[in-house]
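One structure is given here, and the rest of the page talks about it.
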Amino acid sequence: MRVWLTHHLEAARLALRRLTAAPLNSLLSLLAIGIALALPAGGQMLLANARHLAGTASAAPQISVFMASSADRRAATDIGGRLAQFGGVKQVQFLPREETLARMKANPGLRDVIEALPANPFPDAFVVTAADDDPEAMEGLAAEFRQWPKVEHVQLDSAWVRRLDALLKLGRTAVLLLGALLGTGLIAISFGIIRMQVLTHRAEIEVSQLLGATDGFIRRPFLYYGFLLGLGGGVVAWLLVGAAALWLRAPLSELVRLYDLTLVLQTLDARDSALLLGLAAGLGWVGATISLRQHLRQN
């Protein structure tokens, strides 16, 4: 076990020396990989902040239940009791018609119109907060309430939920697609760089093969080279995303403040950061593996 660890440690050190032997070429390679990875990583950062903003900006979607204008207070009380005991309902708020009328009269633009009416035109109403804000669950509740007697109209305030849910799903799909495309590009970049490394050290490889070195021994430094290349590109991507978050934080906060919202743009969290670095290193290793397999097959 100690020998195995020693071999891998030496291979990693050799890969690191090769990576630092040509600093300009390595830096440009890391920048290319980092910029490619920063696009999906930045998309994931924006998506996470959008989910956080959606979760804190708006109240839970609600269902408005309007009684018939002919329904008396006893009917409203009965409906209120059924709503409070109905499964799937979290909270019920009763809005009596007198309170609605007083609130409308408080509006200077509507006061004269309301006073000209012969009677109170507003019905009793209930504002229902569902226990499950899933759009389909809320549609089921609204459909049930519409069948109750003395209920004139049921208004479902979930259109914004559906739109937001669709936008977030589209964003997740776009991030996954972009990540897959640019991840493939990372493999291609790693493949080409390792290929050049193999050609540069061709004589060394041939001598090692003549001395009886195994394919695993020959591949190991190049695999670690691809691993370190991908990992370094992941670190560059992480730094770019963090810098972009700091740069956009102030103007974005000013923008959302115009909509009476509060948002402090956050960079990638620990889970997303670890995922970024792990995928970057893994894709670099995969590119090196494919490149070395082709070379050893040719030899």
Side-chain angles (χ1 to χ4, degrees), residues 44-107 110 114 120-173 175-176 252-253 255-266 269-272:
Q44 173 61 25
M45 177 195 68
L46 294 176
L47 193 61
N49 280 273
R51 286 198 298 266
H52 175 73
L53 180 63
T56 59
S58 301
Q62 297 172 328
I63 302 174
S64 298
V65 179
F66 298 94
M67 302 294 295
S69 57
S70 60
D72 56 15
R73 185 54 52 85
R74 177 179 295 180
T77 303
D78 293 340
I79 293 296
R82 293 183 64 180
L83 288 172
Q85 297 175 3
F86 193 82
V89 173
K90 181 180 180 181
Q91 183 180 357
V92 178
Q93 180 185 2
F94 177 54
L95 300 177
R97 61 177 67 188
E98 295 81 9
E99 180 181 326
T100 305
L101 179 64
R103 189 169 60 252
M104 292 298 103
K105 284 184 176 180
N107 189 328
L110 297 176
I114 297 297
N120 186 350
F122 301 105
D124 291 326
F126 297 90
V127 178
V128 179
T129 302
D132 184 1
D133 60 0
D134 180 74
E136 293 183 0
M138 296 192 65
E139 287 283 0
L141 288 177
E144 175 66 24
F145 298 157
R146 291 188 182 101
Q147 299 175 6
W148 290 1
K150 299 297 183 178
V151 172
E152 181 72 19
H153 178 66
V154 176
Q155 180 176 334
L156 179 60
D157 182 26
S158 66
W160 70 269
V161 179
R162 290 184 176 274
R163 288 193 291 266
L164 180 61
D165 187 60
L167 286 173
L168 291 178
K169 287 181 178 178
L170 178 62
R172 285 192 294 267
T173 302
V175 169
L176 289 175
L252 187 59
S253 297
L255 175 63
V256 298
R257 196 178 298 117
L258 297 176
Y259 296 91
D260 294 327
L261 301 175
T262 301
L263 174 66
V264 178
L265 188 63
Q266 300 295 329
D269 58 20
R271 182 182 65 86
D272 288 338

Any salt bridge (Lys or Arg N to Asp or Glu O under 4.0 Å) involving residues 61-70? Give me the pairs, sequence neighbours left out, ordered by first then second residue. none
Summary of salt bridge (Lys or Arg N to Asp or Glu O under 4.0 Å) pairs that have at least one residue in residues 140-153, sequence neighbours excluded: none
For [X] and [Y], work out which heavy atoms get closest and say how close.
{"X": "Ala76", "Y": "Asp124", "answer": "CB-OD2, 3.8 Å"}
{"X": "Phe145", "Y": "Val65", "answer": "CD1-CG2, 3.9 Å"}
{"X": "Val89", "Y": "Val92", "answer": "CG1-CG2, 3.5 Å"}
{"X": "Gln62", "Y": "Thr129", "answer": "NE2-OG1, 3.5 Å"}

Kindly compute the distance separating CZ (Phe122) from CD (Glu99), expressed to the nearest 0.5 Å. 12.5 Å
Drop me the distance from Leu95's CG to Phe66's CZ, to the nearest 0.5 angstrom. 8.5 Å
Among Asn49, Leu176, Val175, whose side-chain contact (heavy atoms from CB on, under 4.5 Å) with Gln44 holds? Val175
Check whether any side-chain heavy atom of Met138 sits under 4.5 Å from a side-chain heavy atom of Ile63, and report yes or no. yes
Could you tell me whether the side chain of Val128 reaches within less than 4.5 Å of the side chain of Leu141, counting heavy atoms only? no
Quick one: salt bridge (charged side-chain N to carboxylate O under 4.0 Å, His left out) partners of Arg172, sequence neighbours excluded? none
Show every side chain to side chain donor-acceptor pair (under 3.5 Å) that has at least one partner inside residues 78-93, sequence neighbours left out. none
Phe94: partners by ring pair (Phe, Tyr, Trp, His ring centres under 6.0 Å), with sequence neighbours left out: Phe126
